[in-house]
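Positions are given from 1 along the sequence.
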Amino acid sequence: MKLTVVSAGLSTPSSTRLLADRLAEAARDELADQGHTVSIEVVELRALAGDVANHFVTGFAPPRLAAAIDAVTGADGLIAVTPVFTASYSGLFKSFFDVIAPDALTGQPVLVAATGGTARHSLVLEHALRPLFAYLRAAVVPTAVYAASEDWGSGGDEYTDGLPARVRRAGGRRAGRAHGGPPAPGRARGRGHRPRTATRRPALRLRPDGPSY
């Protein structure tokens, strides 16, 4: 079972990448407990910024970008994490998914998450990320994870769970219910990108929770 993680963090180190890694680890641990062998591939969009821009003006994906598109569209499950800029996902995050064919993620389970400087941006999960993947016909899991700056190192309080608990819940709920099924016939991988031979994709459900850079 293959899990692909897309991180749109711009700095090194990045809290966006840190959240992505923690979500992937939680999902992998739950799937391993259910007897699944899981491989994880991380796509760092920071390294692909130039390739994404070139794709827009040439219509063709350079090799590194083509490999990233294949990693995303060929996965059994996707974790997509972005920093928040101007109350929405980052431009790099959106641009990457713009170069993927609109039907390439059809039916693919996607766990969405975001990081930001303040909890006031937590609704980005509902008004930006969820509609984006719904438009791409992905199976967006019912819950999501948002991490504000103050969440790191916080254990929560009597009313709310801390970030570690939310991450565990996100990756752990029904993470491994799998059953075979062929992908949609003729589904393209990326705009201007030649698709590889279609493979069977088991349905992977990652049920997360709740509402830097």
Side-chain angles (χ1 to χ4, degrees), residues 3-31 38-53 64 68 71-72 75 77-98 109-133 138 140-157 159-173 175 206-213:
L3 182 64
T4 296
V5 180
V6 174
S7 170
L10 298 180
S11 61
T12 305
S14 160
S15 63
T16 299
R17 173 61 188 271
L18 180 59
L19 178 59
D21 287 343
R22 290 187 178 182
L23 288 167
E25 181 181 358
R28 180 188 59 196
D29 290 347
E30 177 66 18
L31 288 165
V38 182
S39 65
I40 296 175
E41 182 170 352
V42 178
V43 175
E44 278 277 13
L45 298 188
R46 179 175 180 268
L48 297 172
D51 289 344
V52 171
R64 287 195 309 173
V72 169
L78 177 66
I79 296 175
V81 190
T82 178
V84 176
F85 290 108
T86 319
S88 189
Y89 35 63
S90 72
L92 177 58
F93 182 87
K94 178 60 161 59
S95 295
F96 175 72
F97 286 100
D98 279 344
V110 179
L111 187 164
V112 296
T115 60
T118 171
R120 291 179 298 173
H121 295 305
S122 62
L123 287 177
V124 69
L125 299 168
E126 304 303 323
H127 71 66
L129 283 167
R130 195 176 299 279
L132 170 64
F133 287 102
V140 188
V141 294
T143 53
V145 176
Y146 178 83
S149 296
E150 61 264 27
D151 289 326
W152 298 100
S154 170
D157 54 34
Y159 301 107
T160 60
D161 290 331
L163 181 59
R166 289 189 281 126
V167 166
R168 287 193 299 272
R169 189 178 301 117
R173 284 184 179 177
L206 307 168
R207 288 197 64 178
D209 175 71
S212 163
Y213 305 118

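Here the shortest heavy-atom pairing between V84 and A114 reads CG2-CB, 4.1 Å. Taking both residues in full, the closest heavy atoms of F93 and L45 are given as CA-CD1, 3.8 Å, listed atom of the first, atom of the second, then distance. A68 and L48 make their closest contact through CB-CD1, 3.6 Å (heavy atoms, listed as atom of the first residue, atom of the second, distance). For the residue pair V110 and A80, the shortest heavy atom distance occurs at CG1-CB, 4.5 Å. Taking both residues in full, the closest heavy atoms of L3 and G77 are given as CD1-O, 3.4 Å, listed atom of the first, atom of the second, then distance. The minimum heavy-atom distance linking L19 with V81 is given by the pair CD2-CG1, 4.0 Å.
Contact of the Y89 side chain with the L129 side chain is registered, since non-hydrogen atoms from C-beta on lie closer than 4.5 Å. Residues R46 and T12 meet the side-chain proximity criterion, which asks for heavy atoms closer than 4.5 Å.
Contacts of R64 classified as salt bridge (charged side-chain N to carboxylate O under 4.0 Å, His left out), with partners at least two apart in sequence or in another chain: D51. V140 meets the side chain to side chain contact (heavy atoms under 4.5 Å, CB included) test with V112, R130, F133; sequence neighbours excluded. By the side chain to side chain contact (heavy atoms under 4.5 Å, CB included) test, A71 is found to be paired with K2, T4, E41, V43, residues two or more places apart in sequence or in another chain being considered.
From L23, atom CG reaches atom CZ of R28 across 12.5 Å, with rounding to the nearest 0.5 Å.
Panel note: side chain T82, backbone S90; a donor-acceptor pair is recorded below 3.5 Å.
In this model, no donor atom of one side chain and acceptor atom of the other lie less than 3.5 Å apart for T16 and S7.
Considering V124, T115, L92 in turn, T115 is the only one that fulfils the side-chain contact (heavy atoms from CB on, under 4.5 Å) rule with P83.
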